[in-house]
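Okay, structure first, notes after.
The structure displayed is predicted, hence computed values, not measured ones. Order of the sequence lines fixes the chain letters, A, B, ..., with proteins taken first and strands second; residue numbering starts at 1 for each chain.
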2 protein chains.
Amino acid sequence: MLPRANHTLPMPTFVSAFCQLASLTDSAITDLKGMLHTKSYDKGEKLLSYGERCKRLYFIDEGLTKTFFSNESKEFIMRFFSEYALFTVVDSFTAQTPSHYEILALEKTSVTYINQQDLEALCKKHHCIESAFRKLLSIATTNMMKRISEMLEENATERYNRFLRDNGQLLQRISLGDLSCYLGITQVSLSRIRSGK
Amino acid sequence: MLPRANHTLPMPTFVSAFCQLASLTDSAITDLKGMLHTKSYDKGEKLLSYGERCKRLYFIDEGLTKTFFSNESKEFIMRFFSEYALFTVVDSFTAQTPSHYEILALEKTSVTYINQQDLEALCKKHHCIESAFRKLLSIATTNMMKRISEMLEENATERYNRFLRDNGQLLQRISLGDLSCYLGITQVSLSRIRSGK
DNA sequence: TGTATTATTTATCATTTGTAAAAAAACATC
DNA sequence: GATGTTTTTTTACAAATGATAAATAATACA
């Protein structure tokens, strides 16, 4: 976990993260709070399995997860999510279709979540909640576009260096095997890059 | 343009595309129609330049565009959009920030569009319009995730074959240079793949 | 038609990345 | 501390892709 600049600052929460997306009415905040659940996962536990419908929008209170998919032989990591991230598997969550992706806890992880049906109902009831959720989706799209741009423009060495720059803190918590799956290269290749040859 | 199965079917329009995302009230449809504009671009004209704020959500009535960015030496194509596609540059449009991406007409292209401010106002006024827009964003995210998955899992040959499968019709309308910029390989490499060596 | 321009292919060589197997290092457990 | 397991690195070789330059094909247009 990142050291917080001022420990008197309140810890980010699902609600505070949502409020940052769009300003919410008091009544919306009350209703939102009423729909939240919490859950803990051990290291290695799955939050979502292949083929399952993703029913939850997650906020990580503590811990680290990866969203990934696999073929016969290899694994491919879409993203890591750590403390204070708000995330889901967008396509499965939105359309309630079987997920092509899985979510796994890389550490003991505590989450706060809301169920898809409850969020959908809140969107209907509170326009501001739908606005916040829309904002979240536009941020998600933006992040994905950045990732595509980087994959197009940069080679493996540049992508590794960018990861160090943008996610240096995570490096200590992620195995190099997982990092290579995220970068889209083999672990051997990543090891080569790190050794600077 | 794809031959339409039954030519008595009405042509897709901005409004019909939007209605497919979420059901709109009559009053929302009326307001939406009142905010639409049309414009034509010659082949080679830019719909959006680097650093400009993307102010419009576009629907293509006819023609073909590419969304791309460049560094000193190379160009990278995010996506092609052809008839009946609804699109914008999400980050620039949503946050009204300078765009890292450009949009260029690859053919004479006619669009229907709505201005960001007008859409934002409509989202405020009509909950159903915001729902439709949210749906559009979740589809955009899903498309981006698919693209990332493919870039991670597939090599250049597989990506080319997938493009043929998914966008075969476009192949006739896109230069192989542009296709290589989309696939993330050089034109020489694409030529090699096509020749099957 | 002829010419200029652009797009595509081919050839050659360098670099990057992948594959497979083994070695080394780090970690966990008894 | 000894042992077994997992992670990471190293090595050697193969395959894919990039860079450059030249050849060919397609297109535009005077």
**Request:** Starting at atom CG of B:Leu176, determine the distance to atom P of C:dT6, rounded to an integer number of angstrom.
**Result:** 17 Å

**Asked** Same cluster for A:Ile148 and B:Tyr50 if Ile/Leu/Val/Met/Phe/Trp/Tyr side chains link at under 4.5 Å?
**Response** no

**Prompt:** For A:Cys181 and A:Phe68, what are the C-alpha separation, side-chain angles and deciding distance, and is it a side chain to side chain contact (heavy atoms under 4.5 Å, CB included)?
**Reply:** CA-CA 9 Å; A:Cys181 293; A:Phe68 69 100; over 6 Å; no

**Asked** How many Å lie between CZ on B:Arg192 and C1' on D:dT20, as a whole number?
**Response** 12 Å

**Prompt:** Does a nitrogen or oxygen in the side chain of A:Arg194 sit under 4.0 Å from OP1 or OP2 of D:dT9?
**Reply:** yes

**Asked** Okay, side chain of A:Glu62, backbone of A:Glu83: is any donor-acceptor separation there less than 3.5 Å?
**Response** no

**Request:** Check for a donor-acceptor pair, side chain of B:Ser49 on one end and backbone N or O of B:Glu52 on the other, with a separation under 3.5 Å.
**Result:** no

**Asked** For the side chain of B:Thr141 and the backbone of B:Leu137, is there at least one donor-acceptor N/O pair under 3.5 Å apart?
**Response** yes

**Asked** Could you state the CG-C1' distance from B:Leu190 to D:dG18, rounded to the nearest angstrom?
**Response** 14 Å

**Prompt:** Quick one: what's the B/S/- string for nucleotides 23-30 of chain D, heavy-atom cutoff under 4.0 Å, read 5' to 3'?
**Reply:** --------

**Request:** Go through the structure and list residues passing side chain to side chain donor-acceptor pair (under 3.5 Å) with A:Asp118, not counting sequence neighbours.
**Result:** none

**Complete:** Sorted by chain and residue number, the side chain to side chain contact (heavy atoms under 4.5 Å, CB included) partners of A:Thr25 (sequence neighbours excluded) come out as A:Ser27, A:Ala28, A:His126, A:Cys128

Would you list the atom pairs, donor with acceptor, under 3.5 Å between side chains in residues 33-43 of chain A and any protein atom, with sequence neighbours excluded?
from: A:His37; atom 1: NE2; to: A:Met35; atom 2: O; distance (Å): 3.4
from: A:Ser40; atom 1: OG; to: A:Ser110; atom 2: OG; distance (Å): 3.2
from: A:Tyr41; atom 1: OH; to: A:Arg56; atom 2: NH1; distance (Å): 3.1

**Message:** With a 3.5 Å distance limit and no angle check, can you tell me whether B:Glu158 reaches the backbone of B:Asn155 through a side-chain donor-acceptor pair?
**Reply:** yes

**Prompt:** Of all residues at least two apart in sequence or in a different chain, which pass the side chain to side chain contact (heavy atoms under 4.5 Å, CB included) check with B:Gln116?
**Reply:** B:Phe93, B:Gln96, B:Glu120

**Complete:** Rounded to whole Å, the CD1-P distance (A:Ile174 to D:dT7) equals 14 Å

**Asked** Just how far, in rounded Å, is P of C:dT17 from CE of B:Met151?
**Response** 14 Å

Please enumerate all protein N or O atoms sitting under 3.5 Å from an N or O of nucleotides 22-26 of chain C, with distances to 0.1 Å.
none

**Message:** Rounded to whole Å, please give me the gap between CD in B:Gln172 and C1' in C:dA7.
**Reply:** 16 Å

**Item:** Pairwise ring-ring contact (aromatic ring centres under 6.0 Å, His included) hits with a residue in residues 141-173 of chain B, at least two apart
**Value:** B:Phe163-B:Tyr182

**Item:** Flag, side chain of A:Glu107 to backbone of A:Thr65, donor-acceptor distance under 3.5 Å
**Value:** no

**Asked** Who pairs with A:Asn71 by side chain to side chain contact (heavy atoms under 4.5 Å, CB included), at least two apart in sequence or on another chain?
**Response** A:Ser73, A:Lys74, A:Phe76, B:Glu153

**A:Ser175, nearest nucleotide to its side chain (from C:dT10, D:dT8, C:dT12)** = D:dT8

**Any donor-acceptor pair under 3.5 Å from B:Asp91 side chain to B:Thr97 backbone** = no

**Prompt:** For residues 179-189 of chain A, which residues have at least one heavy atom under 4.0 Å from DNA chain C?
**Reply:** A:Gly184, A:Ile185, A:Thr186, A:Val188, A:Ser189

**Prompt:** Nearest-Å distance, CD (A:Glu72) to P (C:dT19)?
**Reply:** 12 Å

**Asked** Considering residues at least two apart in sequence or located in another chain, which fulfil the side chain to side chain donor-acceptor pair (under 3.5 Å) criterion with A:Tyr101?
**Response** B:Ser149

**Message:** Can you measure A:Lys74 atom NZ to C:dG18 atom C1' for me and round it to whole angstrom units?
**Reply:** 8 Å

**Item:** Donor-acceptor under 3.5 Å (A:Ser189 side chain, A:Thr186 main chain)
**Value:** no

**Request:** Determine to 10° how strongly the helix from C:dT1-D:dA30 to C:dC30-D:dG1 is bent, judged from the axes of its five-pair ends.
**Result:** 40°

**Contacting residues from residues 154-165 of chain B, given that a heavy atom lies under 4.0 angstrom of DNA chain D** = B:Asn155, B:Ala156

